[in-house]
Amino acid sequence: VRKFFQENFRTYAIRGKSGLLTAYYEPVLRGSRKKTKKYFSPIFKRPSNFPPINKLRNRTAENVGPNSEEKTEAEMETKLYPTRKQIIENNLLKGNELAYLENSVENFFLHIQGSGTITLERGERIRVGYAGSNGRPYRSIARWLDGNGEMPLHKASMENIKSWVRNNPKRSNDLFNYNPRFIFFQESQVSKDPSEGPRGTLGVPLTANHSIAVDVDFIKLGTPVMVIEEMQSKSNNAQSFFMMAQDTGSAIKGPNRGDLFFGTGFDAGRKAGSTKFRGTLIIFLPK
């Protein structure tokens, strides 16, 4: 493998300052097709009468002429889909339930991860993946916790946030609604090959520890990428990862920004939840 890349590719550093490298995974959750006392937290498919968000944005832009300076970005946003809070509180997606989960915080993090495997009551397993969003910007709930004096940013790991929600159930909606973004899901079959992850933006199954989500304004999907952790003064044990750019994410913006896919299940989630470091990206382009 090393010889193949040395003989057929040239390497290029992405310009700019080091960026934030994080990780994600595919959770395995329990759920039901029907709402019950145990399974009550719904995930939704995209309604047929909701046009894709890019068409909605284009339609909005077409209605704003070059001389319409009074149309601010905030005013244009109101023409897009409702926020998470509006969707939930007004039950706007009634009839579009795909499945019900037993835990609202796991539901929220499924929106963050973008895909998951759900084990239904009779043992059937389904895979749900990203089918669109309400077009609203992603806002980190860690900042809500930090801003309200509940948890400093450096301690806001996924497990710590889940623990906070368990201890503060009446405030969980305030926390979740800080992020106005809402994800729609679509169902697919679970692959017989356990090494195959969910399909990323590139359209191929993600591979644990070797797939990365990138900003396509800087890196084309399908590009081999080496992730190099920035050397810290306290340690010389910098990490490096050889990845393939196969996915994107709403929060993955910038030249040296990336989200590493660590696989499916609890162990992958624990590893992903604690991964955050500064680093740079090296891309491999054919000679």
Side-chain angles (χ1 to χ4, degrees), residues 22 24 26-27 29 31 35 40-64 71-101 103-116 118 126-145 147 158 161 165 171-188 198-201 203 213-217 247-254 257 259:
T22 51
Y24 67 117
E26 181 190 30
L29 308 170
K35 185 176 182 179
F40 62 90
S41 185
I43 60 172
F44 297 91
K45 58 186 177 181
R46 185 169 64 83
S48 58
N49 62 342
F50 273 39
I53 192 64
N54 60 331
K55 289 187 178 180
L56 199 60
R57 287 186 184 278
N58 291 340
R59 187 186 308 166
T60 302
E62 289 171 1
N63 292 332
V64 179
K71 293 287 187 180
T72 65
E73 184 175 345
E75 288 173 325
M76 291 178 65
E77 275 293 302
T78 63
K79 296 182 181 297
L80 302 181
Y81 294 161
T83 64
R84 167 187 290 275
K85 182 178 181 179
Q86 292 168 334
I87 288 173
I88 298 300
E89 292 186 352
N90 296 293
N91 201 17
L92 298 180
L93 296 176
K94 184 178 181 180
N96 292 280
E97 295 84 356
L98 187 61
Y100 294 87
L101 306 179
N103 191 310
S104 60
V105 70
E106 295 290 359
N107 190 328
F108 181 84
F109 276 102
L110 177 61
H111 281 241
I112 302 300
Q113 304 304 323
S115 62
I118 300 175
I126 62 172
R127 176 168 266 160
V128 294
Y130 179 85
S133 78
N134 63 343
R136 300 287 179 164
Y138 169 78
R139 286 202 298 184
S140 171
I141 57 175
R143 296 194 178 279
W144 185 94
L145 291 168
M158 182 168 59
I161 293 175
V165 172
R171 302 181 66 193
S172 61
N173 284 336
D174 291 335
L175 174 67
F176 298 154
N177 289 336
Y178 179 75
N179 174 28
R181 191 171 178 80
F182 195 89
I183 302 300
F184 307 124
F185 293 92
Q186 58 190 349
E187 180 181 337
S188 62
R199 292 184 181 273
T201 309
V214 297
D215 184 344
V216 292
D217 286 341
D247 207 1
T248 58
S250 60
I252 311 304
K253 300 297 179 185
R257 179 77 170 94
D259 210 17

Drop me the distance from [X]'s [atom1] to [Y]'s [atom2], to the nearest 0.5 angstrom.
X      : Y      : atom1 : atom2 : value
His111 : Phe184 : NE2   : CZ    : 9.5 Å
Ile183 : Phe44  : CD1   : CZ    : 13.5 Å
Asp217 : Lys253 : CG    : NZ    : 6.5 Å
Leu110 : Glu26  : CG    : CD    : 9.0 Å

Taking only residues two or more places apart in sequence or in another chain, which ones pass side chain to side chain contact (heavy atoms under 4.5 Å, CB included) with [X]?
X      : value
Asn103 : Val105, Glu106
Asn177 : Arg84, Lys85, Glu89, Asn173
Asn90  : Gln86, Leu92

Who passes side chain to side chain donor-acceptor pair (under 3.5 Å) against [X], sequence neighbours left out?
X      : result
Glu187 : Arg33
Asp259 : Thr22
Gln113 : none
Arg199 : none

Where is the tightest heavy-atom contact between [X] and [Y], given as atom of each residue plus distance?
X      : Y      : value
Ser115 : Gly129 : CB-CA, 4.0 Å
Ala213 : Ile252 : O-CG2, 3.6 Å
Ser172 : Val165 : CB-CG1, 3.9 Å
Asp215 : Gly254 : OD2-N, 2.8 Å
Arg127 : Pro198 : CZ-N, 3.8 Å
Asn107 : Pro42  : ND2-O, 2.9 Å

For Pro82, the option from Asn134, Leu93, Ile87 that meets side chain to side chain contact (heavy atoms under 4.5 Å, CB included):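 One option only clears the test, and that one is Ile87.
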Mind checking salt bridge (charged side-chain N to carboxylate O under 4.0 Å, His left out) for Arg171 and listing every partner two or more places apart, or none if nothing turns up?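 Scan of Arg171 (salt bridge (charged side-chain N to carboxylate O under 4.0 Å, His left out), adjacent residues dropped) gives Glu150.
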Which residues pass the salt bridge (charged side-chain N to carboxylate O under 4.0 Å, His left out) test with Arg181, not counting sequence neighbours?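 Salt bridge (charged side-chain N to carboxylate O under 4.0 Å, His left out) check on Arg181 returns nothing, list empty.
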Less than 4.5 Å apart, any side-chain heavy atom of [X] and any of [Y]?
X      : Y      : value
Tyr24  : Ile112 : no
Phe185 : Lys45  : no
Tyr178 : Arg143 : yes
Phe109 : Ile161 : yes
Phe182 : Ile88  : yes

Is the backbone of Arg139 close enough, under 3.5 Å, to the side chain of Asn179 for a donor and an acceptor to pair up by distance?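 Checking the backbone N and O of Arg139 against the side chain of Asn179, a donor-acceptor pair under 3.5 Å is found.
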According to ring pair (Phe, Tyr, Trp, His ring centres under 6.0 Å), who are the partners of Phe108, at least two apart in sequence or on a separate chain?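 Residues passing ring pair (Phe, Tyr, Trp, His ring centres under 6.0 Å) with Phe108: Phe176.
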